[in-house]
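We count residues from 1, following the sequence as given. Ligands are counted one by one from 1 in listed order, and the atoms in each one are counted from 1 as well.
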Amino acid sequence: MSLTLVWLRHDLRLADNPLFHFDPSPDQLMCVYVLDRAWLSPLPGLSEPRIGPARLRFLWESLIALRGELLKRGSDLLVRVGDPVKVVAELAAGHDVTQLRLRRDAGSDETRDVQTLVDRLGARVDVWQTDGGLLFGEASLPMPLSALPASFSAFRRKAERGWVVPTACQAPVTLPPWPRAAPRGLPPLSKICTGAARWVPDPRGGFHFAGGEASGLSRLDHYLWESGAVAGYKQSRNGLLGPDFSTRLSPWLAHGCLSARQVRDAVRAWEAQHVTGELSDWVIFELLWRDYFHWAARQEGRALFGRRELPTPSESFSAWCEGRTGVPFIDAAMCELKTTGWLSNRARQNVASFLLHELDGDWRLGAAWFEHCLIDYDVASNWGNWRHVAGVGRDTRIRRFNVLKQAELYDPLGAYVAHWRPELAESPPGRLQHQTDVGPRRGVKEDW
Ligand SMILES: Cc1cc2nc3c(=O)[nH]c(=O)nc-3n(C[C@H](O)[C@H](O)[C@H](O)COP(=O)(O)OP(=O)(O)OC[C@H]3O[C@@H](n4cnc5c(N)ncnc54)[C@H](O)[C@@H]3O)c2cc1C
């Protein structure tokens, strides 16, 4: 009797998920998700848990939705909270699992966990690992991982030359049955974190992110076919206010409720009926950034997070987190981040640059705060982007924004500040500590 255990981590969907494509099919199947208890504790030096209420709630919604889809196909889901390696190893031993299937992840903790688990399971269990969720898999990357270029531009040039991205595959219609004696189901969120169970986003965000594959597909459908907003993406993607200036697909992509190939295929299908290739191509270009950060993180391992210890947070860091810097554009964005769990790319770049280059803050603390707040937190995209802004990554040019100029350009009438911080709407734009320095310096890139 063969029993496969699918260990789900950041791939909470059935469509385009190689973990659910069996050849041959096992006699029985268990699908398991383990919420790492370490995520409920703060990173050293911070007081907030690594996973904040917005993400935890979205995650739970995604798990509930996934369970529904699995049940429809004759399977089920087991969700546990604890040490993932220990939980999976115990389940494998207790139920005579013959095969373990999982996706290779970008984070070094996740990679270490898999190695520990493989050692613990020994030869009894066949461990099958795959890539998934990205445009490319390691086998279809346009270069060996060891030769990943130092800059995104070089990666993109190579990717576009080779450009063989497989199409997304369908969800399975039926799945093997659940072993009779095995536990199943998930604990209520209120038992894990009452704050997350009660969490509601600030209605001023004007958008509701609901976890799960079906709501991700529905957002994709809306962005392409209902609103047609994708046609204007190239011009609107630097927006700050409103539901459709960008795709807002990031939470679904980060939790694996959608794969990048599904988005790519849907955009191509939309293009086939509209004439505007170049404009919608920009969405795929952004997905390529996501791939790049993933592969860079895979290559860098632990180095992605910088030196081990986080520094003690300063008062200016707390002021930044709480939106009390005195620069209304920054304070409005930090308010949006904390109260909705999401922020536009333009605002992320500005608040990150402000912390690093105006407050002389530490990029790792900024990344840790984002990790806590973001509903779409993704280890590779978050820590990779922070390194990118700080110029400590593979590409060592420093990205510095003149946030006052940026506010003039992207919020010329002050509507964004008035929306999030009406009490600051009449305030002066603020002063930059390094005012005299502002402007391109050697090795300093103002925008990207
Ligand atoms: C400091 C900083 C931290 C960030 N942290 C994260 C994070 O934890 N998780 C995350 O998904 N994105 C992160 N980003 C990237 C980007 O800001 C978000 O992906 C984007 O704002 C999400 O909105 P959207 O889905 O509407 O994006 P769109 O503009 O519609 O882009 C489509 C998709 O492309 C991908 N994408 C776009 N830009 C980037 C980028 N620069 N890097 C990686 N992927 C990108 C995302 O998956 C996004 O959903 C970060 C950016 C910065 C500057």
Side-chain angles (χ1 to χ4, degrees), residues 10 50-52 54-55 58 106-107 133-135 152 155-156 205 207 209 216 219-220 222-224 229-230 232-240 242-264 266-267 280-297 304 320 333-334 336-337 340-357 361 363-393 395 399 401 406 447-448:
H10 302 286
R50 286 174 63 180
I51 184 163
R55 188 159 83 259
F58 187 93
L134 300 162
L135 292 174
F152 170 73
F155 172 73
R156 183 192 171 191
F207 191 86
F209 291 103
R219 170 64 189 168
L220 182 58
H222 167 86
Y223 195 72
L224 297 174
V230 67
Y233 175 80
K234 188 180 173 191
Q235 283 80 32
S236 66
R237 73 201 167 94
N238 282 313
L240 297 168
D244 287 341
F245 61 80
S246 67
T247 68
R248 290 189 183 242
L249 289 172
S250 52
W252 290 282
L253 285 160
H255 289 79
C257 304
L258 285 181
S259 76
R261 287 180 193 168
Q262 283 175 289
V263 177
R264 204 268 326 236
V267 170
S280 45
D281 242 16
W282 277 75
V283 173
I284 296 163
F285 168 78
E286 298 299 341
L287 290 171
L288 205 53
W289 268 107
R290 179 171 175 268
D291 261 48
Y292 180 67
F293 281 122
H294 174 94
W295 295 110
L304 180 68
W320 177 80
M334 295 308 284
E336 181 183 6
L337 172 66
T340 68
W342 192 84
L343 202 56
S344 66
N345 187 51
R346 180 58 39 187
R348 290 183 207 209
Q349 289 170 326
N350 273 281
V351 297
S353 170
F354 188 81
L355 175 70
L356 304 184
H357 305 305
W363 69 272
R364 292 163 302 159
L365 283 175
W369 181 248
F370 267 38
E371 177 169 342
H372 164 73
C373 292
L374 282 176
I375 212 166
D376 65 16
Y377 169 73
D378 166 87
V379 62
S381 294
N382 187 55
W383 291 81
N385 269 291
W386 273 95
R387 278 160 69 87
H388 194 71
V389 183
V392 297
D395 184 344
R399 266 81 187 175
F401 286 77
Q406 291 270 313
D447 204 347
W448 79 95

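Of the N or O atoms in Leu249, one or more lie within a sub-3.5 Å distance of an N or O in ligand 1. Of the N or O atoms in Thr247, one or more lie within a sub-3.5 Å distance of an N or O in ligand 1. The shortest N or O to N or O distance between Arg248 and ligand 1 is below 3.5 Å.
Taking every heavy atom of Gln349 and a limit of under 4.0 angstrom, the matching atoms of ligand 1 come to 53 (C). Of all atoms in ligand 1, listed by their number and element, those nearer than 4.0 Å to a heavy atom of Ser250 are 11 (O), 22 (C), 23 (O), 25 (O), 49 (O). Those atoms of ligand 1 with a heavy atom of Tyr377 less than 4.0 angstrom away are 8 (O). Close approach of ligand 1 to Asp378 is summarised as follows: ligand atoms under 4.0 Å from at least one heavy atom of the residue are 7 (C), 8 (O), 9 (N). Shown in contact with Phe293 at under 4.0 Å from a heavy atom are these atoms of ligand 1, numbered in order with element: 42 (N), 43 (C).
Classification of the Trp383-Trp363 ring pair by plane angle, with boundaries at 30° and 60°, yields perpendicular. Aromatic ring pairs are classed by plane angle as parallel below 30°, tilted from 30° to 60° and perpendicular above 60°; the pair Phe155 and Tyr292 is tilted. Phe58 and His255 have tilted rings, their planes meeting at an angle from 30° to 60° on a 0 to 90° scale.
Results of the side-chain contact (heavy atoms from CB on, under 4.5 Å) test with Val283 over Leu249, Leu288, Val230 single out Val230 as the only residue that passes.
A donor-acceptor pair under 3.5 Å links the side-chain atoms of Thr340 to the main chain of Glu336, judged by distance alone.
When Arg219, Arg290, His294, Glu286 are checked for heavy-atom proximity to atom 47 (O) of ligand 1, Arg290 turns out nearest. Selection from Ala229, Ser381, Ala347 by nearest heavy atom to atom 12 (N) of ligand 1 gives Ser381. Residue nearest to atom 6 (C) of ligand 1, selected from Arg348, Arg387, Glu371: Arg348 (by heavy-atom distance). For the residues Ile284, Leu287, Asn385, Val351, the heavy atom positioned nearest atom 15 (C) of ligand 1 is part of Asn385.
Residues passing the ring pair (Phe, Tyr, Trp, His ring centres under 6.0 Å) test with Phe354, sequence neighbours excluded: none.
Shown here for Arg55 and Arg50, the closest heavy-atom pair between the two residues is NH2-O, 3.3 Å.
Residue contact annotation: Tyr292 has no non-hydrogen atom under 4.0 Å from ligand 1. Heavy-atom separations between Phe245 and ligand 1 are all 4.0 Å or longer.
Contact annotation: for Leu374 versus ligand 1, heavy atoms closer than 4.0 Å belong to the side chain alone. Contacts between Leu253 and ligand 1, counted as non-hydrogen atom pairs separated by less than 4.0 Å, involve the side chain only. Under 4.0 angstrom from ligand 1, the non-hydrogen atoms of Ser246 come from both its backbone and its side chain. With a heavy-atom cut-off of 4.0 Å, Arg237 does not touch ligand 1 at all.
Figure legend: cation-pi geometry between Arg248 and Trp342, with NZ or CZ positioned under 6.0 Å from the six-membered ring centre and within 45° of its axis.
Between atom CD1 of residue Ile375 and atom CD1 of residue Ile51 there is a gap of 10.0 Å, rounded to the nearest 0.5 Å. With values rounded to the nearest 0.5 angstrom, Glu371 atom CD is found 7.0 Å from Asn382 atom CG.
For the 3.5 Å distance criterion, the side chains of His222 and Asp244 qualify, holding a donor opposite an acceptor.
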